[in-house]
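The block underneath contains the structure these notes are about, expressed in structure tokens.
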Amino acid sequence: MERRAQFPILAAHPELVYFDSAATAQKPQAVLDAVQTYLTTANANAGRGTYPWANRTTELVERTRRRVKEFLGDPRPERSTVHFTSGTTEGLRIVARDWLVPLLTDGDEILVPFADHRANLEPWQEARRLLAERGVAVTLRALPYQAASGDYDHRALAEAVGPRTRFVAATHVHHVYGGDMNVHRLRAAVGPGVPICLDAAQSVGHLPVDVGHPDLDVDFVVFSGHKAMALPGTGAVWARNTRGPELRPAGWAGTPNTVGIVSLLAALDWLESAGVDRIARHAVRLATRLTDRLRRLDAYEIEGCQASLAADSALGEGQRRQGIVTFRHREIPSDDLGFILFSHGFMVRADSLCQAGADEKDGVVRVSLHVYNTEEEIDRLLAVLESLA
């Protein structure tokens, strides 16, 4: 997919290969131009002035709210709300602290992921602590996982749901295993009335996310702008506001990150123009190319669903593994392998990936792909990995 030239940082470094888009995506020229234009023509605070620059900034913020709803396929934008945050972590904390805590009573239960990103576990643990300080005891139950794939175990989940289940926190695409976690099965297991909060950090901007589709009947979608080609320090919470009260973050809102919000508007426009569905197919093809050959090397162990590794897998083009491939060398420590790969020009993530329950001994190497990566880059990486096998 020939769009690499639209990313100045990559065009300026043809000798380097960026394989860390799950950590942060690179920014196209259109986003950089939008930021530059805003800062040089209309920089002001939002909602706090009547002069043209302030009015322009306020309109840009409100336009971005509408744009987020459109981008997510919101079927009832008049009822939903969008709240801007510093990223996914803050967004999940807002849902936990400002929406969930006031609703729970003694004996209630919530289902949360204990093997996903720590950002989707610690806010719910914090909510439990806040409630305990008020004398309210709630139980955090772990979402069950399938050992072979890392996916949620939806059959076991049905047994974990009880009459006091009040809330479910889940992940759309796993940041380690790269798998689509089949959220539609969560809804079927928990029933129509239980709110579901979705960590969409690895899906928004990487593959289509359509909250108007019955398969994505969730109540909150939380994502980081910087993983969707916007600036760092930007994110959003989309709230459906149909199961429970409207989400209203507590406290004085203060000055929004206007530059980040402007960059998010430009990023969503760019992504839509490029075609998120095409971006997703491209990343899946590259991931398939990498896993198909890497699985044949005994020196490496690939994390996640093993049924999605081969190019001729029955899962085919629509395989559940998205543009994330995580693996370890059986003899070379992952941090050392990361340094070796950078010496050959490859930038990858090499640590425990902030996975809940993991520590330094669980280090892995993660290759995460996006629109600007190519088959030639995958083949160059494989040549190095094969030389180390």
Side-chain angles (χ1 to χ4, degrees), residues 19-25 87-89 91-92 111-124 142-154 156-157 168-187 189 196-209 215-216 218 220-224 227-228 280 283-284 286-288 290-291 294-295 301-309 313 315 318-328 334 348-359 362-370:
F19 278 152
D20 199 19
S21 293
T24 196
T88 304
T89 301
L92 293 170
L111 292 169
V112 301
F114 277 73
D116 296 356
H117 199 287
R118 289 175 59 187
N120 203 14
L121 173 61
E122 293 187 4
W124 319 114
L143 283 170
Y145 294 84
Q146 297 176 9
S149 67
D151 192 7
Y152 300 133
D153 188 332
H154 302 90
L157 176 62
V168 177
T171 300
H172 197 185
V173 172
H174 201 282
H175 74 295
V176 177
Y177 308 123
D180 181 328
M181 301 298 280
N182 287 315
V183 179
H184 64 285
R185 295 179 183 170
L186 292 182
R187 173 58 66 201
I196 297 175
C197 178
L198 192 64
D199 174 353
Q202 299 299 343
S203 56
V204 171
H206 297 262
L207 67 155
V209 178
D215 283 353
L216 209 61
V218 298
F220 303 96
V221 172
V222 188
F223 67 95
S224 297
K227 297 180 190 290
V284 167
L286 297 184
T288 303
L290 175 57
T291 55
L294 192 60
R295 73 187 178 94
E301 175 187 2
I302 305 177
E303 298 287 288
C305 178
Q306 299 301 298
S308 66
L309 299 182
S313 166
L315 298 173
Q319 66 169 298
R320 289 180 48 258
R321 184 184 297 270
Q322 300 299 321
I324 294 174
V325 181
T326 303
F327 57 91
R328 58 171 53 88
S334 295
V348 299
R349 179 80 177 264
D351 55 29
S352 60
L353 307 184
C354 299
Q355 186 175 12
D359 54 34
D362 299 310
V364 289
V365 169
R366 182 179 69 188
V367 171
S368 48
L369 307 159
H370 218 310

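As the structure is a computational prediction, the values presented were derived from the model and not from experiment. All residue numbers refer to positions in the sequence shown, counting from 1.
The shortest heavy-atom contact between Ala115 and Tyr145 is N-OH, 3.1 Å. Residues Phe327 and Val367 approach most closely at CE2-CG2, 3.9 Å, considering heavy atoms. When every heavy atom of Ser334 is checked against every heavy atom of Val365, the shortest pair comes out as O-CG2, 3.8 Å. Of all heavy-atom pairs spanning Gly323 and Ala287, the tightest one is CA-CB, 4.3 Å. When all heavy atoms of Ala200 and Phe223 are compared, the pair lying nearest together is O-CB, 3.9 Å. Here the shortest heavy-atom pairing between Ser368 and Ala22 reads OG-N, 2.8 Å.
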### Query
Does the side chain to side chain contact (heavy atoms under 4.5 Å, CB included) test come out yes or no for Leu309 and Arg321, once each step is laid out?
CA-CA 8 Å; Leu309 299 182; Arg321 184 184 297 270; 3.1 Å; yes

### Task
List the steps, then state whether side chain to side chain contact (heavy atoms under 4.5 Å, CB included) holds for Arg118 with Ser352.
CA-CA 11 Å; Arg118 289 175 59 187; Ser352 60; over 6 Å; no

#### Entry: Residues Phe19, Val325; criterion side chain to side chain contact (heavy atoms under 4.5 Å, CB included); working and verdict
CA-CA 10 Å; Phe19 278 152; Val325 181; over 6 Å; no

### Query
Can you list the steps and then say if Cys305 with Asp151 is a side chain to side chain contact (heavy atoms under 4.5 Å, CB included)?
CA-CA 8 Å; Cys305 178; Asp151 192 7; over 6 Å; no

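For Ser224 (side chain) and Gly87 (main-chain N/O), no donor-acceptor pair under 3.5 Å exists by modelled atom type.
Between Leu294 and Ile302, some side-chain heavy-atom pair lies under the 4.5 Å cut-off.
Shown here are the salt bridge (Lys or Arg N to Asp or Glu O under 4.0 Å) partners of Asp20, two or more places apart in sequence or in another chain: Arg366. By the ring-ring contact (aromatic ring centres under 6.0 Å, His included) test, His154 is found to be paired with no residue, residues two or more places apart in sequence or in another chain being considered. Considering only residues two or more places apart in sequence or on other chains, Asp215 meets the salt bridge (Lys or Arg N to Asp or Glu O under 4.0 Å) condition with none of them. The side chain to side chain donor-acceptor pair (under 3.5 Å) check on Gln146 picks up Ser149, with sequence neighbours excluded. Annotation: ring-ring contact (aromatic ring centres under 6.0 Å, His included) contacts of His370 (sequence neighbours excluded): His206, Tyr372. Thr326 meets the side chain to side chain donor-acceptor pair (under 3.5 Å) test with no other residue; sequence neighbours excluded.
The side-chain contact (heavy atoms from CB on, under 4.5 Å) test with His174 is passed by exactly one of Gln355, Glu303, Gln322: Gln355. Under the side-chain contact (heavy atoms from CB on, under 4.5 Å) rule, Leu186 has a single partner from Val218, Leu111, Ile196, which is Ile196. A side-chain contact (heavy atoms from CB on, under 4.5 Å) with His172 is found for one member of Asn182, Leu216, Val222 and no other, namely Leu216.
Going from atom CD1 of Ile324 over to atom CG of Leu369 covers 8.5 Å, rounded to the nearest 0.5 Å. We find the CD-OG1 distance between Gln202 and Thr171 to be 9.5 Å, quoted to the nearest 0.5 Å. Within the model, atoms CG of Leu92 and NE2 of His117 stand 10.0 Å from one another, a figure rounded to the nearest 0.5 Å. Note that the CG atom of Leu198 and the CG atom of Asn120 stand 8.5 Å from one another [nearest 0.5 Å]. Atoms CZ and CG, from Phe114 and Leu121 in turn, are 5.5 Å apart once rounded to the nearest 0.5 Å. In this structure, OG on Ser203 lies 11.5 Å from NZ on Lys227, to the nearest 0.5 angstrom.
When the shell of 6.0 Å around CZ of Arg187 is examined, it contains more than 12 heavy atoms from other residues, nucleotides or ligands.
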